Novice: 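Can you read through this structure? Questions will come right after.
Protein chains get the first letters and strands the later ones, always in sequence-line order, with residue 1 at the start of each. Worth saying up front: this structure is predicted, and the values here are computed from it rather than measured.
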Amino acid sequence: MSQEEKIKESLVNKFNYLSDSIKIVRPRRISIEVSLENFEQVFAYLAKELQFGHLCTITGLDEPEKLGFIYHLAADSGILINLRTYAPKNNPVIKTVTSYFPGAEIYERELVDLFGATVTGLPVGNRYPLTDDWPTEEHPLRKDWKPKPAKEGEVDKNA
Amino acid sequence: MGLVKKIVTWARIKSPWILHFNTGACNACDIEIIAALTPRYDLERFGVVLKGTPRHADVLVCSGPVTKQIEDRLRRIYEQMPEPKFVVAVGACACSGGVTDGCYNVASGIDKVIPVSAYIPGCPASPKAIIDGVVKLLASLEEKEEVKK
Amino acid sequence: MHNAPEFKIPIGPQHPALKEPEGFSVALKGEKILGVDIRLGYNHRGIEKAAEERTYIQDIYLLERVCGICSHSHSTCFIQAVEEIAGLAVPSRALYIRTIIGELERIHSHLLWLGVAGHEIGFDTLLMYSWRDREVVMDILASITGNRVNYGMNTIGGVRRDINPEEKQEILNGLKILEERTKYYIEIATQETTIIKRLSGVGVLSREDVLRLDAVGPTARASGVKRDIRADDPYAAYGELSFDVITDDHCDVYGRTVVRVKELMESYKIIRQALEKLPDGPLVVKAPRKIPIGEAISRYEAPRGEDVHYVRSNGTEKPDRVKVRAPTLANVQAVKHMLKDRFLADMPIVIAAIDPCFSCTDRMVHLKEQDCGSDKVINWPSLHTYSIEWHKERGIDFTQLNKKLQERFTR
């Protein structure tokens with residue numbers, strides 16, 4: 001049994017609701033989909049018990065009706081797990097994972113700024129990556145957001 | 001007063017003090033600017049001196065398309081430079097936005113924010129192109145002085 | 001020139017009361033840093049959004065320009081994800097060429113870093129000479145690809161240009177020169193007491209810290225953590241080549257220096273192997289304009305560490321989503337930790353040692369003195385000068401070493 005299959009077996013034994021949601025895409029790539037309610041227990045199990053000790057990044061996705069979040073976790077073996085969950089667009093609230101990975105802070109701030117997610121438990125801090133005066137209801141990576149046309153007449157006429 | 005100005009301009013042409021500022025570029029142009037100062041290209045043989053503060057700079061050498069984060073600081077730096085002052089836009093992004101033209105967080109070019117005296121294209125602008133551009137700017141200043149005489 | 005605890009550096013042009021995003025906000029007690037807040041976003045150009053509005057081919061050129069030092073890294077990392085979604089079998093010759101360009105990029109990046117590090121500690125001759133050596137690599141890259149930076153080598157399904165026998169020889173000749181000079185840099189790094197003294201015990205990050213804070217690249221490897229995507233999750237031709245993952249146990253800036261100079265030697269080794277084993281065959285496999293629906297995540301060991309690209313396709317010629325996580329972002333927490341309880345005078349080299357985006361160090365530094373409540377903003381060049389003067393007063397002087405290096409290289 002390959003390492004990927006062992007990981008899948010371990011997950012299904014622990015959380016049998018995952019039995020249809022785990023896909024071994026190719027060697028070193030596993031894809032898992034989990035509901036928001038079950039997210040933390042699966043995440044904790046992967047990070048702690050299964051020793052997926054590296055969080056590459058968190059990808060935000062804008063889908064009709066919902067926001068998707070993919071947590072890319074990697075182990076020393078080189079195996080990478082794409083753990084995906086969803087939150088409804090009218091209430092996109094997720095919990096921070098900074099207690100497991102302090103580095104997640106900056107990835108979560110990106111989700112707040114660019115997708116409009118709410119991340120509970122995020123420590124107080126600066127926005128990233130947008131400016132402080134960027135309107136908080138404008139989220140550039142949402143599909144329906146379009147950049148405004150370039151501002152006119154900003155050249156210094158005293159040249 | 002006229003004599004002092006002549007001396008100052010002469011000093012500027014002979015040894016321009018430049019301030020290098022990145023307005024959100026990918027760094028390629030910035031590295032080529034610094035490379036222009038290293039022995040192989042040796043911009044310093046033209047008397048070009050890199051300065052750390054706008055108050056002493058004659059020429060502002062800018063890279064990048066001007067992100068929103070940096071726009072105000074760019075204006076402030078320009079305002080703090082004493083007259084006469086010149087701005088050089090280095091690289092495609094600084095000239096007109098480059099690959100980032102149309103992106104939401106950029107002004108798409110230095111001249112959207114402050115006036116630019118010389119444009120050096122390239123992605124990145126090579127050290128040779130940068131030297132060529134700076135020398136042309138200096139030559140045009142000398143020309144202006146000749147015309148006035 | 002310097003007096004503790006009052007911090008006497010001229011205030012920078014901006015007054016802290018004016019709204020200005022500082023790059024660094026430092027809580028100071030005398031000369032010691034209590035904590036640092038790092039604000040990023042200066043380079044935020046909206047590239048991920050732009051990537052959705054352009055075709056995959058246009059995106060290769062866009063993503064190359066995320067970083068002007070790691071351009072091939074980003075380009076390759078992206079295209080690997082696209083090729084995986086499309087199920088393309090990229091020809092072996094192309095994979096080897098990608099590897100060769102990638103290692104040449106690593107060489108130019110590490111030599112650049114060596115110069116920058118030298119500059120930050122006052123060893124300016126090192127900047128002049130390492131950047132002169134770097135030109136050897138730039139010439140090779142310009143010769144093979146047509147540009148010094150932003151090579152445009154990749155296309156979907158392979159590479160756009162070949163390496164012919166003359167170019168192969170040019171590379172080998174260049175490597176010979178570089179190897180000799182690198183051996184001397186390793187000698188300096190490991191034997192010159194001024195360097196050892198200056199860099200040891202600075203920017204300390206224990207092995208446990210690396211794992212907890214999840215650092216990547218030479219920063220992690222200098223604390224004994226064997227993380228290198230080329231070995232852990234092989235891509236391009238790395239699975240067929242033999243090389244060592246360089247680690248060091250010093251856990252400080254000194255260790256990060258040693259790792260990088262030794263990695264240069266590994267890069268020469270990898271390139272020679274790849275040139276020798278360079279398989280015949282096509283440079284590219286035909287790729288569709290419209291990439292079938294799917295997603296993939298690609299990892300790449302850029303000179304600064306792990307680069308990650310996630311791509312999702314929707315069956316059209318434009319991607320649905322492109323996510324880029326450059327290596328420096330993964331090291332932010334580690335940097336904050338490394339600066340805590342350390343001297344302000346060490347801040348420039350500690351930050352330089354994670355090899356950040358060059359322009360990350362062009363930020364304003366906001367200093368908040370806890371004892372006397374003073375609030376100052378200084379620019380980076382002032383911090384740089386302060387750092388060098390502070391260390392000079394403690395016996396770290398590079399005047400002799402600058403002279404020595406000059407003599408050695410003008411022989």
Novice: Do any N or O atoms from the side chain of B:T67 and from the backbone of C:N43 form a donor-acceptor pair under 3.5 angstrom?
Specialist: no
Novice: Just verifying a value: how many Å separate C:W131 CH2 and B:I31 CD1, rounded to the nearest 0.5 Å?
Specialist: 5.5 Å
Novice: Applying side-chain hydrogen bond (donor to acceptor under 3.5 Å, both in side chains), name anything that partners C:R106, two or more places apart in sequence or on another chain.
Specialist: C:E103
Novice: Who in residues 135-144 of chain C is close to chain B, using a strict under-4.5 Å heavy-atom cut-off?
Specialist: C:E135, C:D139
Novice: If you round to the nearest 0.5 Å, how far is NE2 of C:H44 from CD1 of B:I70?
Specialist: 14.0 Å
Novice: Just verifying a value: how many Å separate C:R45 CZ and B:T23 OG1, rounded to the nearest 0.5 Å?
Specialist: 10.0 Å
Novice: May I ask you to name which of B:N105, B:T100, B:L37, B:T38 has the most heavy-atom pairs under 4.5 Å with chain C?
Specialist: B:N105
Novice: If I take atom CG from residue C:L62 and atom SG from residue B:C103, how far apart are they, to the nearest 0.5 angstrom?
Specialist: 6.5 Å
Novice: If we define contacts as heavy-atom pairs under 4.5 Å, which of C:C70, C:S71, C:G115, C:G41 has the most with chain B?
Specialist: C:G41
Novice: For chain C, find which of B:G102, B:S63, B:A35 contributes the most heavy-atom pairs closer than 4.5 angstrom.
Specialist: B:A35
Novice: List in chain and number order the residues that pass side chain to side chain contact (heavy atoms under 4.5 Å, CB included) with B:S96, two or more places apart in sequence or in another chain; answer none if no residue qualifies.
Specialist: none
Novice: Which pair of heavy atoms, one from C:N147 and one from B:C123, lies closest together, and at what distance?
Specialist: ND2-O, 3.4 Å
Novice: Against chain B, label C:R65 side chain, backbone, both or neither, depending on which of its atoms sit under 4.5 Å from a heavy atom there.
Specialist: both
Novice: In terms of heavy-atom pairs under 4.5 Å, which option from C:E64, C:K49, C:R54 contacts chain B the most?
Specialist: C:R54
Novice: Mind checking whether B:N27 and C:C67 have side chains closer than 4.5 Å, heavy atoms only?
Specialist: no
Novice: With sequence neighbours excluded, tell me which residues meet salt bridge (charged side-chain N to carboxylate O under 4.0 Å, His left out) with B:D132.
Specialist: B:K136
Novice: Using non-hydrogen atoms only, which part of B:D101 is less than 4.5 Å away from chain C: side chain, backbone, both, or neither?
Specialist: backbone
Novice: Measure across B:E32 and C:V149 and return the closest heavy-atom pair with its distance rounded to 0.1 Å.
Specialist: OE2-CG2, 4.4 Å
